[in-house]
Amino acid sequence: MALIKRYYYGASIDEFLNQSDAEVKDALNTNAREFITTYSTQGRSWDRELEDLRSFLTPYRHRGSIVLEYSIPRLGRRIDVVLLIDGVVFILEYKAFKDEFLSADRIQVWDYALDLKNFHKESARRYIVPILIATDAEAHTVELSEPYEHVYAPVFCNTTTLPATIESFLLRVPHIATSTDMDWLNSQYEPTPTIIEAVTHMYRTHNVKEITNRGSDDQDFYKTCDKIKSIIEHAKTHGEKAICFVTGVPGAGKTLVGLDIAAKYLEEEGRAVYLSGNGPLVEVLCEALARDLVRRSVMDYERKVGAIEYTTKKELAEKKRLIDKPITKKSASSQVQAVIQMVHRYRKACLENAEFVDGRIVEKRTLNTDRSNFVPIDHVAIFDESQRAWTQRGLAKFMNEKYSWADFPFSEPEFLISCIDRHQDWGVVVCLVGGGQEINHDEAGIGEWIEALNRYYPDWHIYISDQLHDSEYMAGEALAHLAHHQHVHYQSELHLAVTRRSFKAERLAHFVKALLDMDVDKARQELAQMEDYKLFITRDLDKAKATLREWSEGSERYGLLVSSKAERLKPLAINVRVKPSVTAYFLNGPDDIRSSLFLEDAVSEFDVQGLELDYSCLVWDADFQYTDNGWKHYSLGTKTDDGESIMCWRNINDKQLQDYQTNAYRVLLTRARQGMVICVPTGDTHLPPEDATRLPEFYGATYDYLKSLGIKEI
């Protein structure tokens, strides 16, 4: 695999000191892809940095290297300066001409250090020292903390105190580097981004590989992306209609594959649209992308303004008017929502200017017909979690309740295929198929897609994963019917066999499966292999919250999770009937009370599916109780006692509903990338009158079972 040069300038300190500022800036400008003038903000910052660095690096002339503008793709940023001295990694983040240290800047430099520690191979064993430099700040005493996993907490300096700070660390930090500085520069960078980080980077660069580079583990991921793109190009060239069924193990990156395809065709004729029935996921991704578009637009505007050469304020104002203003949030949201949509929004658009004729949907025949209102603009439609598309009964119910459209005759698979089939030339449907974790009613399963193809679309080409026959995909007998279809192609590349779970949660799904299967020995074995994953249990919610805050560093996110049926957590100030803002929960900072970081709002399996936190606290209610005879399933309802209607836990006896509830806890238990606290309340331990919905025995057995698996108590 070709190495990606991730820095604008890199040299030994000796070479750097022997070069002029002009030579260094020429190298910076060459790699920056555009000329940065000395009049620009960036140009003046470089001048200040170079002056500062030359003033104190002479003693280290033969002891290390210097790197300028080092890329951190996962964060979409560049480290100003990396100094490699005696094997220690110093991260210098300059805030030129600033006289104060902002909280956001501290988080920024800490995130750089955490990223290198976690994902940069040659930094794994080195000590990392993040330093925030406000060049014009007042001098103050620098306190050296104890490192955590070889990473120090950020320290604050100005240009005067920086040299002494670096020297004090060099006298204190063990020099344990086992590789050369050149090895560090060319090191593998293997990030495991969250879906939000990955998608933001993808739509910024149209390149997924830089941020999802997991070495040989990613080869099947890239093969799947490339195979789908080749099928699309073949359909486009030969004027064909095609459908792809992509399968994968849990956490293999099916959603990322779909979003990569949508990004690939973002600005091309015959563009693609990513569709999902997962409302919170779509809402969060769209909001994150819109915010990033606005942020980059503002930065680009400020960069162009900063590069203006002028002699008077009037001249500056005139030149600023010639520069395009930053994009508005509304405009950014519109751009994003054209590519990532809720499936019901897409369905509604495809019903405009349409009518039923002989049981089929056709274009209305009027003099004012505009085919663009009937034929989708997108030639490629990607349906995530396509096994969850609705049955005819489920879709008819939705259409009647939402749009007063009575007796809608089609299942969701049949209707969605028909939308792409309206193109006269070519079209492709990509179905991303997951197994397990069903949590909703009226899900059609993959069989309905195949039945629709067999019944109505004999000319379509079907490209199908050779793993779709597995029982977990619920294809049923429908696959056997494909033997009569004339265009079926089995492709091994359409199966993702390697999980892309978090770097610290690779065994978590296996542990959770054993936990829910009540396989104690297997659960203990899996837990023993989760050395880097933090997993604890408690009965005290305040302790759980304090632990999450203690674990988190930089911009790492943590939050509360609960089952949607956890209705007796109100005494703990958790009300599942209050629906939080998912965008604020997953995206907003610690200054917003709606943010997950405030640990006030809790989200359910419906809100968090497809998304992740770094650390979570799952608050386990009495809706899902452990017994020696298996899990017991409950929902809060009413019963009549002496003529009075009272609230109580009622048994869930329907097997499908029991599976939904088990899968809800499966989702909740697998949402944390780096660590989780499970909080099982004590129930009502007060004197009478007792709360019959929170009896201690409803919780005690579950707590004892989880502890028996080897989960440590806080």
Side-chain angles (χ1 to χ4, degrees), residues 194-196 198-199 202-203 208 212 221 224-225 228-229 231-232 243-266 271-289 336-347 350 376 378 380-390 394-395 411-413 415-417 419-420 428-440 442-446 448-449 463-465 468 472-474 494-496 499-500 582 605-612 663 667 670-671:
T194 66
I195 187 66
I196 295 171
V199 172
M202 189 185 302
Y203 280 81
V208 70
T212 59
F221 177 81
T224 299
C225 293
I228 297 172
K229 291 169 186 175
I231 291 170
I232 292 172
I243 187 168
C244 304
F245 291 96
V246 181
T247 58
V249 299
K254 294 182 292 294
T255 295
L256 201 56
V257 166
L259 291 163
D260 179 48
I261 300 300
K264 168 67 170 61
Y265 293 92
L266 187 63
R271 71 182 196 178
V273 59
Y274 168 88
L275 303 171
S276 174
N278 186 338
L281 176 65
V282 171
E283 189 177 349
V284 170
L285 292 183
C286 286
E287 176 68 14
L289 288 172
V336 172
Q337 290 169 11
V339 183
I340 300 177
Q341 294 184 26
M342 278 294 293
V343 68
H344 69 77
R345 176 186 171 191
Y346 181 83
R347 185 194 313 119
C350 290
D378 311 284
V380 181
I382 303 130
F383 299 102
D384 202 357
E385 297 290 352
S386 57
Q387 79 281 0
R388 291 188 182 149
W390 277 336
L395 185 54
S411 68
E412 194 153 49
F415 177 74
L416 294 175
I417 295 172
C419 295
I420 296 299
V428 177
V429 173
V430 179
C431 291
L432 307 174
V433 186
Q437 296 193 9
E438 290 76 20
I439 57 176
N440 283 311
D442 293 319
E443 293 175 352
I446 206 63
E448 182 57 36
W449 290 90
Y463 296 86
I464 195 165
S465 161
L468 195 63
E472 64 182 306
Y473 299 113
M474 301 182 297
L494 295 180
H495 179 68
L496 294 160
T499 183
R500 301 172 56 80
V582 290
E605 68 273 16
F606 296 110
D607 302 312
V608 79
Q609 192 164 35
L611 295 162
E612 292 177 312
N663 285 332
V667 169
T670 55
R671 294 305 96 190

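Annotation for W449 and P413: closest pair CD2-CB, 3.4 Å, computed over non-hydrogen atoms. Across every non-hydrogen atom of L256 and A198, the tightest pair is CD1-CB, 3.7 Å. Closest of all the heavy-atom pairs between S411 and L395 is C-CD2, 3.9 Å. The nearest pair of heavy atoms linking Y274 to L281 is OH-CD2, 3.8 Å. Residues M342 and G279 approach most closely at SD-CA, 3.2 Å, considering heavy atoms. In terms of heavy atoms, N278 sits closest to Q609 at ND2-O, 2.7 Å.
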Please assess V582 against V608 for the test side chain to side chain contact (heavy atoms under 4.5 Å, CB included), listing each intermediate value before the final yes or no.
CA-CA 9 Å; V582 290; V608 79; over 6 Å; no
Verify side chain to side chain contact (heavy atoms under 4.5 Å, CB included) between V339 and Y203, making sure each step is shown before the conclusion.
CA-CA 10 Å; V339 183; Y203 280 81; 3.5 Å; yes
Determine, step by step, whether K254 and L496 satisfy the side chain to side chain contact (heavy atoms under 4.5 Å, CB included) criterion, reporting the C-alpha distance in whole Å, the side-chain angles of both residues, the deciding distance to 0.1 Å, and the verdict.
CA-CA 8 Å; K254 294 182 292 294; L496 294 160; 3.8 Å; yes
What verdict does the salt bridge (Lys or Arg N to Asp or Glu O under 4.0 Å) test give for R347 and E412, after you've listed the backbone C-alpha separation in whole Å, the side-chain angles of each residue and the deciding distance to 0.1 Å?
CA-CA 9 Å; R347 185 194 313 119; E412 194 153 49; 2.3 Å; yes
Step by step, would you call I195 with L611 a side chain to side chain contact (heavy atoms under 4.5 Å, CB included)?
CA-CA 7 Å; I195 187 66; L611 295 162; 3.8 Å; yes
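Residues K229 and Y265 have side chains in contact (heavy-atom distance under 4.5 Å, counting atoms from C-beta outward). Put simply, the side chain of V343 reaches to within 4.5 Å of the side chain of L416, judged on heavy atoms. Contact of the H495 side chain with the V246 side chain is not registered, since no non-hydrogen atoms from C-beta on lie closer than 4.5 Å. Two residues are said to be in side-chain contact when any heavy atoms from C-beta on lie closer than 4.5 Å; V429 and C431 meet this criterion.
The distance from the CG atom of D607 to the CZ atom of R671 is 12.5 Å, given to the nearest 0.5 Å. In this structure, the separation between OG1 on T255 and CG on D260 is 12.5 Å, given to the nearest 0.5 Å. For the atom pair R345 CZ and I340 CD1, the distance stands at 11.0 Å (nearest 0.5 Å). For the atom pair NZ (K264) and CG (L259), the distance works out to 15.5 Å, reported to the nearest 0.5 Å. If you take OG1 on T247 and CD on Q387, they are separated by 11.0 Å, rounding to the nearest 0.5 Å. For the atom pair CD1 (I382) and CD1 (I228), the distance works out to 8.0 Å, reported to the nearest 0.5 Å.
When the side chain to side chain donor-acceptor pair (under 3.5 Å) test is applied to S276, no partner is found at least two apart in sequence or on another chain.
Looking at S386, its side chain does come within 3.5 Å of a backbone N or O of L432 through a donor-acceptor pair.
Note on ring orientation: taking the six-membered ring where Trp is involved, the planes of F383 and Y346 are perpendicular (angle over 60°, cut-offs 30° and 60°).
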